[in-house]
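A short write-up of the structure that comes next.
Note that these values count all heavy atoms, side chains included, but never hydrogens, waters or copies made by symmetry.
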Amino acid sequence: MANFGSDNASGTHPKIIESLVLASSGNTAAYGDDDLTRSVYKRFESLFDCQVSIFLVATGTAANCIGLATLASSVSGIYAHAEAHIVNDESTAPELYTGGARQFTVGGDDAKPDLEELAQKIDLSGARGVHSVQPAVIAISNLTELGARLSPDEIVAYSELAKSRSMKLFMDGARFANAVAGGSESPADLTWRAGVDALSFGATKNGAMAAEALVFFNPDEAMLAEFHRKRGGHLWSKHRYLAAQFDAYLAGDLWLELATASNASMARLRDGISSSNNASILAGGDGNELFVSMEEDVAEGLLQRGHMFYAWPSLPKAYRLVTSFTTTTAEIDEFIEDLNS
Ligand SMILES: Cc1ncc(COP(=O)(O)O)c(C=O)c1O
């Protein structure tokens, strides 16, 4: 049976487990002051083709919130799409880490923040000087929360808006690998060359055990991240285990290989669903997430047969299907067969 519940349902890739085992022998310096961590920083610099500051943590919420806290403060405003993970799925961690920055939300198709609405909200919310919040960060996601891929031109439009208001652009990249694998542009084209100031570079959903990297493209802006990570309890003492995951994940472009497999599974699933009379596509499909509409009895029937997926309450009669690097063609074909039966 198919498990399209979440890419977090997948396990850890064997190469990452092997890397953890290898990293386990002998003693080494703690808190990131070890050679493996330093070599991972170098891997990131060659991946992004620029100087970067990297902070390894164990969850996406920590990467996002340490990133936001570094770019914003307790008197700041953060602007994002209403569907964004930082708005809906990170409890009050953004407020906790930033010390109380306020989030403002806008609409927009495919969970891409609408530019005009963003500009209006920023200007209105920051218009009353000391009485209002100080607009600090525009936060976007790639893939977006509805599984769409942002192009470099779309990202440039957000960064131009941010720059015009002296704000920073933050990208939630929990599925950045799927976004890169879904097009022909480089990681640099989708980030700093398009004006992104900081990125949470996800790995957990795509083969790691528990590892995410917070990437700053201007190291001068990263000074506070170290302190926020420590304060937030995310500076791992046995840091080599975070580094070991990234060492294997980035070596030989394993991250892209896994995301490409996951996206290919989604393409097969999307093709099957688009030719079915029992479901229709609402959003997504650029990477590894698809949002489909089904009658309740159809969805119930699939769940009863043992397939796994969740309802997505913000869209009508909607369900989210997510593939991962472990999804098999057999799972997809069985799901489509059951959908059509
Ligand atoms: C868009 C997005 N951002 C961030 C995260 C990271 O969340 P977590 O703190 O569960 O690792 C997720 C995980 O579901 C996500 O979907």
Start with the C-alpha distance between Phe309 and Leu303, add both sets of side-chain angles, then the distance that settles side-chain contact (heavy atoms from CB on, under 4.5 Å), and finish with yes or no.
CA-CA 8 Å; Phe309 53 90; Leu303 291 168; 3.8 Å; yes
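- Look at Glu289 and Lys205 and you find no salt bridge, because none of the NZ, NE, NH1 or NH2 atoms lies under 4.0 Å from a carboxylate O.
- By the criterion of side-chain heavy atoms lying less than 4.5 angstrom apart, applied directly or through intervening Ile, Leu, Val, Met, Phe, Trp or Tyr residues, Leu302 is grouped together with Ile281 in one hydrophobic cluster.
- Side-chain atoms of Ser262 never come within 3.5 Å of backbone atoms of Leu258 as a donor-acceptor pair (strictly under, hydrogens ignored).
- Between the Gln103 side chain and the Ala80 main chain, no donor and acceptor come within less than 3.5 Å of each other.
- Between Ile155 and the choices Asp189, Thr191, Ile140, the side chain to side chain contact (heavy atoms under 4.5 Å, CB included) rule is met once, by Ile140.
- Within the 4.5 Å cutoff, no side-chain heavy atoms of Tyr310 are placed close to those of Val322.
- Among residue pairs with one or both ends in residues 67-86, those qualifying as ring pair (Phe, Tyr, Trp, His ring centres under 6.0 Å) are Tyr79-Phe104; sequence neighbours excluded.
- Enclosure of atom CD in Glu45 by more than 12 non-hydrogen atoms of other residues, nucleotides or ligands within 6.0 angstrom is indicated.
- Classification of Asp34 and Arg240 as a salt-bridged pair fails, no side-chain N sitting under 4.0 Å from a carboxylate O.
- For the residue pair Ser276/Asn340, the side-chain donor-acceptor check at 3.5 Å is satisfied.
- In this structure the side chain of Ile78 never reaches within 4.5 angstrom of the side chain of Phe170, judged on heavy atoms.
- Nearest approach of Lys112 to Tyr158, heavy atoms of both residues: C-OH, 3.5 Å.
- Counting non-hydrogen atoms of other residues, nucleotides and ligands closer than 6.0 Å to CE of Met1 gives a total above 12.
- Nearest heavy atoms, Leu282 versus Pro316: CD1-O, 3.8 Å.
- At a threshold of 4.5 Å between non-hydrogen side-chain atoms, the residues Asp247 and Arg43 count as touching.
- Within the model, atoms CZ of Phe325 and OG1 of Thr260 stand 13.5 Å from one another, a figure rounded to the nearest 0.5 Å.
- Side-chain contact between Asn206 and Asn288 is absent, with no heavy atoms from C-beta onward closer than 4.5 Å.
- With hydrogens and angles ignored, the 3.5 Å screen pairs no side-chain donor or acceptor of Glu160 with any backbone N or O of Ala157.
- When atom types are taken as modelled, the side chain of Asp110 and the backbone of Gly147 share no donor-acceptor pair closer than 3.5 angstrom.
- Shown here is Asp297, whose CG atom has more than 12 heavy atoms of other residues, nucleotides or ligands within 6.0 Å.
- For the residue pair Thr204 and Glu212, a side-chain donor N or O sits within less than 3.5 Å of a side-chain acceptor on the partner.
- Residues Ala177 and Leu256 share a closest heavy-atom pair of O-CD2, 4.3 Å.
- With sequence neighbours left out, Phe44 forms a ring pair (Phe, Tyr, Trp, His ring centres under 6.0 Å) with Phe201, Phe246.
- Of all heavy-atom pairs between Val40 and Ala243, the closest is CG2-O, 3.3 Å.
- Side-chain contact between Pro152 and Glu185: present, with at least one pair of heavy atoms (C-beta onward) separated by less than 4.5 Å.
- With hydrogens and angles disregarded, a donor-acceptor distance shorter than 3.5 Å links the side chain of Gln245 to the backbone of Ala210.
- Nearest heavy atoms, Leu71 versus Ala136: O-CB, 4.1 Å.
- With hydrogens and angles disregarded, a donor-acceptor distance shorter than 3.5 Å links the side chain of Glu117 to the backbone of Gly107.
- Tyr249 approaches Gly202 most closely through the heavy-atom pair OH-O, 3.4 Å.
- Judged purely by atom type and a 3.5 angstrom limit, Ser159 uses its side chain to pair as donor or acceptor with the backbone of Ala194.
- Under the 4.5 Å side-chain contact rule for hydrophobic residues, Leu169 and Val180 share a cluster.
- To the nearest 0.5 Å, atoms CG (Leu96) and OG (Ser91) are separated by 9.0 Å.
- Using modelled atom types, one side-chain atom of Gln134 and one backbone atom of Ser132 make a donor-acceptor pair closer than 3.5 Å.
- Crowding of Arg231 atom CZ: a count of heavy atoms from other residues, nucleotides or ligands under 6.0 Å not exceeding 12.
- Residues Ser200 and Asn64 bring a donor and an acceptor atom of their side chains to less than 3.5 Å of each other.
- Using a 4.0 Å cut-off between charged nitrogen and carboxylate oxygen, Lys317 and Glu296 do not count as a salt-bridge pair.
- Across Asn263, Asp286, Thr323, a single residue satisfies side chain to side chain donor-acceptor pair (under 3.5 Å) together with Asn178, and that is Asn263.
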Walk me through it: do Arg305 and Ser341 pass the test side chain to side chain donor-acceptor pair (under 3.5 Å)?
CA-CA 12 Å; Arg305 284 176 198 228; Ser341 68; 3.2 Å; yes
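- Between the side chains of Thr326 and Ser324, at least one donor N or O lies within less than 3.5 Å of an accepting N or O.
- Counting only heavy atoms from C-beta outward, the side chains of Tyr97 and Leu68 never approach each other to under 4.5 Å.
- Ion pair Arg229/Glu226 flagged as a salt bridge, since at least one NZ, NE, NH1 or NH2 atom sits closer than 4.0 Å to an Asp/Glu carboxylate oxygen.
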Could you give me the CA-CA distance, side-chain angles and deciding distance for Val292 and Leu321, then say whether side-chain contact (heavy atoms from CB on, under 4.5 Å) is met?
CA-CA 8 Å; Val292 301; Leu321 306 175; 4.1 Å; yes
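- Here CE of Met209 is found 8.0 Å from CG of Leu242. Values are rounded to the nearest 0.5 Å.
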Are Phe4 and Leu269 close enough, and set up right, to give a side-chain contact (heavy atoms from CB on, under 4.5 Å), and what steps lead you there?
CA-CA 10 Å; Phe4 299 138; Leu269 181 62; 3.8 Å; yes
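- For CZ of Arg165, the number of neighbouring non-hydrogen atoms (other residues, nucleotides, ligands) closer than 6.0 Å is greater than 12.
- A 4.5 Å side-chain heavy-atom check between Leu161 and Leu115 finds at least one atom pair inside the cut-off.
- A donor-acceptor contact shorter than 3.5 Å links the side chain of Ser19 to the backbone of Ala244.
- Put simply, the side chain of Trp192 gets close to the backbone of Phe48: a donor and an acceptor are under 3.5 Å apart.
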Tell me, with the steps shown, if Val21 and Glu18 meet side-chain contact (heavy atoms from CB on, under 4.5 Å).
CA-CA 5 Å; Val21 172; Glu18 276 166 31; 5.7 Å; no
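- A side-chain donor-acceptor contact under 3.5 Å links Ser24 and Tyr241.
- For the pair Arg268 and Asp271, the salt-bridge criterion is not met [side-chain N within less than 4.0 Å of a carboxylate O].
- Partners of Glu334 by salt bridge (Lys or Arg N to Asp or Glu O under 4.0 Å), not counting sequence neighbours: none found.
- Residues Arg149 and Leu190 form a side-chain contact, since some pair of their non-hydrogen atoms from C-beta on lies under 4.5 Å apart.
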